[in-house]
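First comes the structure, then the notes that go with it.
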Protein chains: 2
Amino acid sequence: MNGKATTTRTKLERGRSALGPALELVHTGRAPTRAVLTSELGVTRATAGAVAAELEALGLIRVDSSPGSAAGSQGRPSHRLSVLETGPVVLAAQVHADGFRAALVGLGGRIVATSPGCVAVMADPAQVLGEVVEAGAELLRASGLRCVGAGLAVPSAVAEPEGTALNPLHIAWPAGSPVRDIFAACVRRAGITGPAFTGNDVNLTALAEHRHGAGRGAQHLLCVATGHRGVGGALVLDGRLHSGSSGLALEVGHLTVNPEGRPCHCGGRGCLDVETDPLAFLTTARREPGPEESLLKQAGNLLRAEYDDPAVRQAAEELIDRLGLGLAGLVNILNPDRIILGGLHRDLLEADPERLRAVVADRSLWGRSGSVPILPCTLAHNSLVGAAELAWQPVLDDPLAALA
Amino acid sequence: MNGKATTTRTKLERGRSALGPALELVHTGRAPTRAVLTSELGVTRATAGAVAAELEALGLIRVDSSPGSAAGSQGRPSHRLSVLETGPVVLAAQVHADGFRAALVGLGGRIVATSPGCVAVMADPAQVLGEVVEAGAELLRASGLRCVGAGLAVPSAVAEPEGTALNPLHIAWPAGSPVRDIFAACVRRAGITGPAFTGNDVNLTALAEHRHGAGRGAQHLLCVATGHRGVGGALVLDGRLHSGSSGLALEVGHLTVNPEGRPCHCGGRGCLDVETDPLAFLTTARREPGPEESLLKQAGNLLRAEYDDPAVRQAAEELIDRLGLGLAGLVNILNPDRIILGGLHRDLLEADPERLRAVVADRSLWGRSGSVPILPCTLAHNSLVGAAELAWQPVLDDPLAALA
DNA sequence: TGAGTTTGTGCCGCAACTAAACAAACTGCG
DNA sequence: CGCAGTTTGTTTAGTTGCGGCACAAACTCA
């Protein structure tokens, strides 16, 4: 606060303007060589060369001058671009009903190391986050790599700009916990450098899948997934996560998908939330949920192992129809060009993809929208990778400033 | 097509990079003076001065060197910026169930002239669009102003990239009419210069209200409006219209708002579409729709003139409750920071704003989201102005290229 | 081996921008 | 009325990111 609060960016603070976009292209694998980097950026070869050299100098990417004979196209082969293996990493952390886990993630969504993963979650967020961050810090010390930030995925809507967890339902945290600040404090206390970010796990899954998984290349990507209880949604628009004006968008669990369905705590009945989550599946299939495993795993195992059982199959079809109705409603509102499904929804899709696609096509208004591709999530640890994306974002936006 | 299809923009084609943003600031009224233009653009005074001078030289804005004593702030008063009254215009056209209308619209959403407005719509889109464009061309000849483009608003979803009208329900056009191409052909035939664009009327209403009306300054603006039949929605995200990956987003008419409601042609029952449109209101209030006026006008008149009548009031409250349910669903999905309502929904809001806000707050999941401001549309001829925005967009994006 | 093709690099120049110093136009106070 | 203080417009010089161009390099194919 030095007198004048001028927002003017000085020349010195601005990096080469194409630096960020170029790094993002390499990061998402859309620039395998310097030649395609040139065309993707829409600049001259000279500029692309300078940009690639600068990213290499920053220790972020590697430029292979001798690709050792590439594919059989004619002309001089282009230099290969790849993420530098020994480059900086970010700390990614994830908390869910089954426990928590930390990881180091490099550019390109590459998981460098993961902690074993704890299986119990305490009721005190500060304790849980302290432990997971400490596990990450341990990985960091062991690796000897530079850390440029940290990201956390939580199974709850995260309100912006406060950074509070509004409904950490299936982890026993108090609603409204300031998770972003708690996480940031843990990160600082552990001596980890760089900014800390927190986001909803389904949002981060969508982000990860968009950049490195089944959502690659989609313009408007819709992701719907069940956690252990309830349904979450996320939307990536033109490459950016849309989390609404206060971080609460895509709370899709309360679309009506069965007018005669069971009552929901929201006041309605037959909501997507209570009609298509793991508990709904077990109940519909008339199975008693056991205490030994998470509902999600029980439901998934049942669906895969006993699909021949008429009761299981019928329950699956019922859930598929309800899910299809919900997706059709979302298609009418959001008009995505791709849908990816996670959790139990992913299992339902794989159990009978034709049925789900038919319901969505039938109940969405236009033929074109009805034929939206529906795919399963493909990435392992996708919300961890998504948490890492959050931490990488400043670097992708402005590499010079973020690494300074 | 000169051999190489290079996408590289040459230096000559690029204008001063801040030219577009600067024009947009003046256009939307966010840069009343050169001083705030400087700070909004985040550039030096020298640059802002050069940019303003260039826009003035292009004949787009006016720079008043002698403001004749401004407000009582100290220091040298800044030059006033305003759109040039005699600057170029665009041709805006609108077709709806009651007829069609043409207008000339300048920068800043200023309506320069309007045609009388025809009250009948023929079944042949080519004929209707031919007439409305001819009316616009006549206005143009009379004004002697330069025309830089044309925009059309139609009461139908417009599929992208084909530009076809998918459901021109309440105008008797064939579904799938290539309205964009027809309009463009009419525009060219009338000798009007500049590109031609076509969009859905509710989308364009939202765009117009965002830039010049009740949506100003909103980050994520949701607009819901009834036409003469049915319900339409639109979303403006970070200043850009979100029309989905194929132009079909925000088809919000088929959210379930009354599980026991009347059946809808979409296959469901109790859809927003059939529960909150003008016909639904008249029916619920047990009034026989007359043939002399449009349903929208009849419903609006009834609501305003006979709100004391218990049957009318009860019908209004029923519709408000249903609308609130629908809006709450959209709030949960989109998390907008402002909602504006048009058509009968606007009348319902004004009849009992408290009730509507209460329902939305009650049925949306989070308190914060529940307190979204809900406002009526304020702009006269908002879809005409929106159609004009479409035509102005290339100029706002790159003034030099668009006026060349 | 040489022609053709595609890519990397060095050099020049432009144009858009910043920075800095100065001039201009106002307010307010003595 | 005059002068200090404040804010804005303008001029000048200097920096720089990037396009354009020419040429070299590295490959394929006949």
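Given the structure is predicted, the values throughout are model-derived calculations rather than measurements. Every chain is numbered from 1, with letters handed out A, B, ... down the list of sequences. Side-chain atoms are counted along with the backbone in the values below, which use heavy atoms only and exclude waters and symmetry mates.
One finds no side-chain N or O of A/T33 lying less than 4.0 angstrom from the OP1 or OP2 phosphate oxygen of C/dT7. OP1 or OP2 of D/dG19 has at least one side-chain nitrogen or oxygen of A/T44 nearer than 4.0 Å. Taking only side-chain nitrogens and oxygens, A/S73 never comes nearer than 4.0 Å to OP1 or OP2 of D/dT28. OP1 or OP2 of C/dG8 lies within a sub-4.0 Å distance of a side-chain N or O belonging to A/R34. Distances shown here put a side-chain N or O of A/S17 below 4.0 Å from the OP1 or OP2 atom of D/dC18.
When each of C/dC17, C/dG8, D/dT28 is scored by its nearest atom to the side-chain atoms of A/Q74, the top-ranked nucleotide is D/dT28. Comparing C/dT7, C/dA16, D/dT8 by their closest approach to the side chain of B/S78 singles out D/dT8. In the set C/dC17, D/dT11, D/dC18, the nucleotide with an atom closest to the side chain of B/A46 is D/dT11.
A 4.5 Å side-chain heavy-atom check between B/H220 and B/H242 finds every atom pair outside the cut-off.
What separates CG of A/L19 from C1' of D/dT16 is a distance of 14 Å, to the nearest Å. Across the protein-nucleic acid pair, A/R80 atom CZ and C/dT7 atom P stand 13 Å apart, rounded to whole Å. To the nearest angstrom, P of D/dT8 lies 13 Å from CD of B/E40. Atom CD of A/E56 is separated from atom C1' of C/dT9 by 15 Å (rounded to the nearest Å). Rounded to an integer number of Å, the gap from B/L37 CG to C/dC17 P is 12 Å. Rounded to whole Å, atom C1' of C/dG8 lies 18 Å from atom CD of A/E54. Going from atom CG of B/D64 over to atom C1' of D/dG9 covers 15 Å, rounded to whole Å.
Of the two residues contacting DNA chain C, namely A/T38 and A/G75, the nearest-nucleotide position lying further toward the 5' end is that of A/G75. For the pair B/A35 and A/V51, nearest-nucleotide mapping onto DNA chain D gives the more 5' position to B/A35.
Between B/R211 and B/E389, at least one side-chain N (NZ, or NE/NH1/NH2) sits under 4.0 Å from a carboxylate O, which counts as a salt bridge.
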Between the protein and nucleotides 22-24 of chain C, which nitrogen or oxygen pairs are less than 3.5 angstrom apart?
{"unit_1": "C/dA24", "atom_1": "N3", "unit_2": "B/R76", "atom_2": "NH1", "d": "3.3"}

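Between B/H27 and B/H212, the angle of the ring planes goes over 60°, which puts this pair in the perpendicular group of the 30/60° scheme.
When atom types are taken as modelled, the side chain of B/R45 and the backbone of B/T38 share no donor-acceptor pair closer than 3.5 angstrom. Of the possible polar contacts, none joining the A/R34 side chain to the A/L81 backbone as a donor-acceptor pair under 3.5 Å is found. Between the side chain of B/R62 and the main chain of B/R80, no donor-acceptor pair closer than 3.5 Å is present.
Side-chain atoms of A/S246 and B/N335 include a donor-acceptor pair closer than 3.5 Å.
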